[in-house]
Amino acid sequence: MLAAILAALFGLLIGSFLNACVYRLPRDITLWDPPRSFCPNCEKAIAWYDNVPVFSYLLLKGKCRQCAWPVPIRYFLLELLCGIMYFVIVWLFGVTWQSAKLLVFTSICLELIFSDFEERILPDEFTKGGTVLGILFAWLAPVPLGFSSLLVPNTWAPGARAMVEAAMGAAFAYGALWTIGWLYQKVRGREGMGMGDLKMAMMIGAFLGLMPMLLAMMAGSILGSVSGLIYIFAAKKDASDYELPMGSFLGIAAIVVAILDIYREVGTSVVH
């Protein structure tokens, strides 16, 4: 339990960092210049005591101390969700390489979920960079072997075989969605899927492997389609030009699939 509580506190800090990424990366603002957090409205630096994850938002009632600008609820939600996810993952699976991999994957997905929902942008730093991390993590926390077992000799180290599987999952995800998008554009005459979605699917394939990635893509597509139709109907939007934040729904599905996949593997050995 102590490890889970410490993980939750660390998760709150990571959530604060992810909030900075959601705001800065789409606007081409570096994460180190300015080095301190600032109010997007008055652009004044935020004091450290006003920048404590979750608690500062509550104490300040969601407003900037300097200009009383209403801070978007996204700042509170992302920090809180990240802290909760870190607690749950370490509480369920203990302190292991598999947990570390899942924590990194969840953090990446949370940033992409909020970034796509708010800005309709999926930053390369998290999609491409996440793909590399997913393949490297496969050595320490292997993904389930699938088609790679037909191509890679059994004499290879398990980590090496898992890295091949992760790379295949990434390549297949990107290639499959690119093909679907290309066919859609040929039939409908307009883009049906952005490059960011392709690169996000590639990242998910690298972390989860081929079969879990396919499940996440299917679940995310269904969730996005149903939610999009409900929103379009309720808000009376024009379905022909509404841009669905597909990456947000794909990220939600990917987190759920990743947790359930590990839970299935560990079975009754779950650590509490």
Side-chain donor-acceptor pair under 3.5 Å between Y86 and T106, yes or no?
no

For A176, the side-chain contact (heavy atoms from CB on, under 4.5 Å) test, sequence neighbours excluded, returns F172

Cluster link [X] to [Y], ILVMFWY, side chain under 4.5 Å:
| X | Y | result |
| --- | --- | --- |
| V104 | V22 | yes |
| I259 | I204 | yes |
| F10 | W91 | yes |
| M1 | V88 | yes |
| L18 | I73 | yes |

Close side-chain approach of [X] to [Y], heavy-atom, < 4.5 Å:
| X | Y | value |
| --- | --- | --- |
| M200 | M246 | no |
| I89 | I262 | no |
| W178 | M202 | no |
| I113 | I255 | yes |

Under 3.5 Å, which donor-acceptor pairs do the side chains of residues 127-134 form with other protein atoms, sequence neighbours left out?
from	atom 1	to	atom 2	distance (Å)
T127	OG1	P123	O	3.2
T131	OG1	T127	O	2.8
T131	OG1	M203	N	3.4

Measure the [atom1]-[atom2] distance between [X] and [Y] for me, rounded to the nearest 0.5 Å.
| X | Y | atom1 | atom2 | answer |
| --- | --- | --- | --- | --- |
| Q66 | L60 | CD | CG | 10.0 Å |
| S221 | L177 | OG | CG | 7.5 Å |
| L77 | N19 | CG | CG | 9.0 Å |
| S248 | L110 | OG | CG | 11.0 Å |
| F114 | E119 | CZ | CD | 13.0 Å |
| I252 | C109 | CD1 | SG | 10.0 Å |

How far apart are the closest heavy atoms of [X] and [Y], and which atoms are they?
| X | Y | answer |
| --- | --- | --- |
| A173 | M217 | CB-SD, 4.4 Å |
| L122 | G247 | CD1-CA, 4.3 Å |
| A258 | L208 | CB-CD2, 3.6 Å |
| D116 | P245 | OD2-C, 3.1 Å |
| A254 | A216 | CA-CB, 3.9 Å |
| C21 | P26 | O-CD, 3.6 Å |

Among V143, L136, T96, which residue satisfies the side-chain contact (heavy atoms from CB on, under 4.5 Å) criterion with K101?
V143

Show every donor-acceptor pair shorter than 3.5 Å between a side-chain atom in residues 33-45 and any protein atom, with sequence neighbours excluded, or say none if there are none.
from	atom 1	to	atom 2	distance (Å)
R36	NH2	I46	O	3.1
S37	OG	N51	ND2	3.3

May I ask you to check whether over 12 heavy atoms, not counting those of W156, lie within 6.0 Å of atom CH2?
no

Quick one: list whatever passes ring pair (Phe, Tyr, Trp, His ring centres under 6.0 Å) with F76, sequence neighbours left out.
Y57

Qualifying residues under ring pair (Phe, Tyr, Trp, His ring centres under 6.0 Å), relative to F105, sequence neighbours excluded:
F207

Might you work through the side-chain contact (heavy atoms from CB on, under 4.5 Å) test for V90 and L103, ending with a clear yes or no?
CA-CA 9 Å; V90 174; L103 291 175; 4.2 Å; yes

Between the main-chain N or O of [Y] and the side-chain N or O of [X], is there a donor-acceptor pair closer than 3.5 Å?
| X | Y | value |
| --- | --- | --- |
| S16 | V52 | no |
| E165 | G209 | no |
| S99 | V95 | no |

List, by chain and number, the other hydrophobic cluster members for L6, where Ile, Leu, Val, Met, Phe, Trp and Tyr join if side-chain heavy atoms come within less than 4.5 Å, directly or indirectly.
L2

